[in-house]
Amino acid sequence: MAWSFSPGIPVYLQIADRLRYSIISGEYPPGSQIPTVRGLSVEAAVNPNTIQHAFLMLENSGIIVTKGTLGRFVTDDPDIIEESRHEHAKIIVNSFLDTITKIGFEKEEIISMIEEELK
């Protein structure tokens with residue numbers, strides 16, 4: 001089944017984010033091979049060049065590496081994965097804080113709400 005994409009955000013960025021999430025969540029563990037450009041393009045129902053663009057972004061960040069003709073693999077470097085995990089969490093937290101402060105919650109209320117939900 002084709003993946004669904006949000007309008008207004010380039011598809012290659014959404015694909016890169018989805019793959020990054022799959023890596024930092026452990027779906028693709030360190031050192032594991034990731035699907036091919038062709039395989040993902042069929043699965044997502046997008047042009048292979050779009051997948052290639054997403055892969056280049058992930059390679060530039062170091063979270064995936066190309067091993068010649070063997071394909072692409074998740075990095076074995078736990079520091080790179082952990083850094084990406086923290087960057088992803090920061091984006092989520094900042095989005096949450098932006099939204100919740102826009103509806104009028106103050107810092108103390110937000111902290112109290114989070115503490116209550118963590119119990």
Side-chain angles (χ1 to χ4, degrees):
M1 182 175 185
W3 296 0
S4 61
F5 298 103
S6 300
I9 302 170
V11 171
Y12 75 93
L13 289 176
Q14 294 179 63
I15 292 168
D17 284 345
R18 186 170 178 162
L19 291 170
R20 181 178 287 112
Y21 181 80
S22 293
I23 292 167
I24 64 176
S25 69
E27 182 180 338
Y28 297 129
S32 67
Q33 188 169 16
I34 59 174
T36 64
V37 168
R38 185 176 304 265
L40 276 177
S41 69
V42 169
E43 182 182 330
V46 298
N47 186 300
N49 291 332
T50 304
I51 302 294
Q52 183 65 30
H53 198 169
F55 279 176
L56 287 175
M57 282 188 58
L58 295 172
E59 285 178 355
N60 288 338
S61 73
I63 199 161
I64 65 171
V65 294
T66 299
K67 295 185 179 179
T69 59
L70 295 175
R72 290 182 174 87
F73 295 80
V74 175
T75 182
D76 286 325
D77 187 337
D79 293 335
I80 291 174
I81 295 171
E82 189 63 20
E83 180 181 332
S84 187
R85 191 170 149 263
H86 280 272
E87 287 173 13
H88 189 75
K90 247 179 138 171
I91 291 167
I92 293 168
V93 168
N94 286 330
S95 175
F96 164 74
L97 290 173
D98 183 53
T99 303
I100 201 161
T101 54
K102 281 181 181 175
I103 60 174
F105 284 92
E106 298 294 327
K107 179 180 176 180
E108 294 76 22
E109 293 174 293
I110 296 168
I111 292 169
S112 176
M113 191 181 312
I114 291 170
E115 286 174 342
E116 183 62 32
E117 290 300 316
L118 287 173
K119 288 182 184 175

#### Entry: Backbone N/O of I92 and side chain of S95: donor-acceptor pair under 3.5 Å
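No, S95 side chain to I92 backbone: no donor-acceptor pair under 3.5 Å.
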
For residues [X] and [Y]: do they belong to one hydrophobic cluster (side chain heavy atoms under 4.5 Å, members Ile, Leu, Val, Met, Phe, Trp, Tyr)?
| X | Y | value |
| --- | --- | --- |
| F5 | I51 | yes |
| I63 | I91 | no |
| M57 | I34 | no |

### Message
Is there a side-chain contact between I23 and S84 in this structure, where contact means two heavy atoms from C-beta onward sitting under 4.5 Å apart?
### Response
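Not in contact.
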
### Query
Side chains of L19 and L40: closer than 4.5 Å at any heavy-atom pair?
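L19 vs L40: side chains touch.
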
### Nearest-0.5 Å distance that lies between atom CD1 in I64 and atom CD in Q33
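Rounded to the nearest 0.5 Å, the CD1-CD separation comes out at 11.0 Å.
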
#### Entry: Pairs satisfying salt bridge (Lys or Arg N to Asp or Glu O under 4.0 Å), at least one member in residues 18-44, at least two apart
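Found D17-R20.
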
### Task
Please collect all salt bridge (Lys or Arg N to Asp or Glu O under 4.0 Å) contacts where either partner lies in residues 63-78, sequence neighbours excluded, each pair once.
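Listed once each, the pairs are E59-R72.
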
Tell me the closest heavy-atom pair linking [X] and [Y], and the distance in Å.
| X | Y | result |
| --- | --- | --- |
| I100 | I110 | CG2-CD1, 3.5 Å |
| A2 | A45 | CB-CB, 3.5 Å |
| Q14 | S6 | OE1-N, 2.7 Å |
| A16 | L58 | O-CD2, 3.7 Å |
| V74 | P30 | CG1-CA, 3.7 Å |

For [X], check side-chain contact (heavy atoms from CB on, under 4.5 Å) against everything at least two apart and list the hits.
| X | value |
| --- | --- |
| T69 | none |
| E87 | E83 |
| N49 | N47 |
| R85 | I24, E82 |

### Query
Transitive ILVMFWY cluster of L70 at side-chain heavy atoms under 4.5 Å: who else is in it?
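When side chains under 4.5 Å apart are linked, the cluster holding L70 also contains V65, F73.
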
### Message
Applying salt bridge (Lys or Arg N to Asp or Glu O under 4.0 Å), can you list everything that pairs with D98, at least two apart in sequence or on another chain?
### Response
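Counting only residues at least two positions away or on another chain, D98 forms a salt bridge (Lys or Arg N to Asp or Glu O under 4.0 Å) with K102.
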
### Message
Enumerate the ring-ring contact (aromatic ring centres under 6.0 Å, His included) contacts for residues 89-119, please, sequence neighbours excluded, ordered by first and then second residue.
### Response
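Every candidate ring-ring contact (aromatic ring centres under 6.0 Å, His included) pair involving residues 89-119 fails, so no pair, neighbours aside, qualifies.
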
### Task
Kindly state each residue pair satisfying ring-ring contact (aromatic ring centres under 6.0 Å, His included) with at least one member in residues 20-58, sequence neighbours excluded.
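As it turns out, the ring-ring contact (aromatic ring centres under 6.0 Å, His included) pairs with a partner in residues 20-58, which skip direct neighbours, are Y12-H53, Y21-H88.
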
Using residues 111-119 as the side-chain source, report each donor-acceptor pair under 3.5 Å to any protein atom, sequence neighbours left out, with the distance given to one decimal.
none

